Amino acid sequence: MPANPAMQKAALLAVEPDVHGLISKKTAQLDGVAVTEVTFGVGAKWSSDLKEYAGTDLCELPHVALVTGGTLAVSMVDGSYEEFSAGDVMMLPPGHDAWSVGDTACTFIEFSVGNDYYAA
């Protein structure tokens with residue numbers, strides 16, 4: 001699908017958050033791409049806060065994001081582990097769990113095309 005050649009603008013500050021436990025997200029939809037600000041509050045963990053909602057044991061969606069605050073720990077189904085902190089760009093394949101590290105919320109901006117597990 002070709003990109004829309006027109007300039008586009010959306011305001012994340014105007015979006016009401018979608019909250020699941022200690023994890024919240026705000027999505028601004030542009031033509032062909034969604035830009036989502038995700039916040040993992042202190043103590044948030046995907047497998048605790050979103051597993052039941054998603055209906056899968058691990059997050060089965062890929063993510064490409066820029067971490068803007070705090071630290072996010074990620075473990076993959078194969079046992080690999082990484083921490084991503086403010087300023088890091090992350091690409092996560094399907095089959096992962098993630099949680100905030102320490103006493104600061106982790107925020108990141110995700111860029112995606114297509115479905116995500118928050119979709120109604």
Side-chain angles (χ1 to χ4, degrees):
M1 177 163 97
N4 184 335
M7 189 180 307
Q8 299 177 56
K9 179 180 179 178
L12 277 173
L13 291 176
V15 176
E16 287 293 319
D18 182 13
V19 179
H20 296 274
L22 298 173
I23 300 172
S24 68
K25 72 135 189 163
K26 295 180 181 185
T27 299
Q29 189 67 49
L30 301 173
D31 187 16
V33 66
V35 180
T36 303
E37 178 184 59
V38 180
T39 301
F40 273 61
V42 175
K45 187 170 186 177
W46 187 92
S47 57
S48 298
D49 296 294
L50 278 169
K51 177 179 176 176
E52 182 176 328
Y53 182 79
T56 57
D57 287 335
L58 296 171
C59 180
E60 296 299 337
L61 296 172
H63 303 281
V64 176
L66 167 66
V67 181
T68 56
T71 299
L72 188 73
V74 179
S75 64
M76 298 298 303
V77 69
D78 68 4
S80 60
Y81 173 89
E82 187 64 66
E83 291 187 3
F84 300 91
S85 296
D88 290 340
V89 175
M90 61 183 180
M91 184 168 69
L92 308 177
H96 60 268
D97 195 2
W99 58 94
S100 58
V101 175
D103 59 0
T104 303
C106 177
T107 57
F108 55 92
I109 305 296
E110 179 176 12
F111 301 87
S112 60
V113 177
N115 296 330
D116 80 26
Y117 52 79
Y118 293 104

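Computation of the quantities below employed the complete heavy-atom set of this structure, encompassing side-chain atoms and omitting hydrogens, waters and symmetry-equivalent molecules. Here the structure is a predicted model, which is why all the values come from computation and not from measurement.
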_Minimum side-chain heavy-atom gap Met90-Glu82 below 4.5 Å_ =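 A side-chain contact under 4.5 Å is absent here.
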
Work out which heavy atom in [X] is nearest to a heavy atom in [Y]; give both atom names and the distance.
X: Trp46; Y: Ala54; answer: CZ2-CB, 3.5 Å
X: Glu110; Y: Ala65; answer: CA-CB, 3.8 Å
X: Leu50; Y: Ile23; answer: CD1-CD1, 3.9 Å
X: Phe108; Y: Val67; answer: CB-CA, 3.8 Å

Residue list, side chain to side chain donor-acceptor pair (under 3.5 Å) with [X], at least two apart or on another chain:
X: Thr56; answer: none
X: Ser100; answer: none
X: Thr68; answer: Thr107
X: Asp97; answer: Ser47

Side chain to side chain contact (heavy atoms under 4.5 Å, CB included) with [X]: which residues, sequence neighbours excluded?
X: Asp57; result: Lys51
X: Pro94; result: Glu60, Pro62
X: Ser48; result: Lys45
X: Asp103; result: none

How does the hydrophobic cluster around [X] look, that is, which other residues are in it when side-chain heavy atoms under 4.5 Å mark a link?
X: Trp99; value: Tyr81, Val101
X: Met91; value: Val64
X: Leu58; value: Val77

*Considering residues at least two apart in sequence or located in another chain, which fulfil the salt bridge (charged side-chain N to carboxylate O under 4.0 Å, His left out) criterion with Lys26?*
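Per chain and number, Lys26 pairs via salt bridge (charged side-chain N to carboxylate O under 4.0 Å, His left out) with no residue.
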
*Only one of Val38, Asp18, Thr39 clears side-chain contact (heavy atoms from CB on, under 4.5 Å) with Ser24; which?*
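One option only clears the test, and that one is Thr39.
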
*Go through Val35 and Ile109 one step at a time and tell me if the side chain to side chain contact (heavy atoms under 4.5 Å, CB included) criterion holds.*
CA-CA 7 Å; Val35 180; Ile109 305 296; 3.7 Å; yes

_Are there over 12 heavy-atom neighbours, none belonging to Glu83, within less than 6.0 Å of that residue's CD?_
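Above 12, so yes.
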
*Between atom CG of Asp88 and atom CG of Leu66, what is the distance when rounded to the nearest 0.5 Å?*
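One finds 8.5 Å between CG of Asp88 and CG of Leu66.
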
*Under 3.5 Å, is there a donor-acceptor pair between the side chain of Asp49 and the main chain of Leu22?*
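Side chain of Asp49 to backbone of Leu22, a donor-acceptor pair under 3.5 Å: yes, one is there.
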
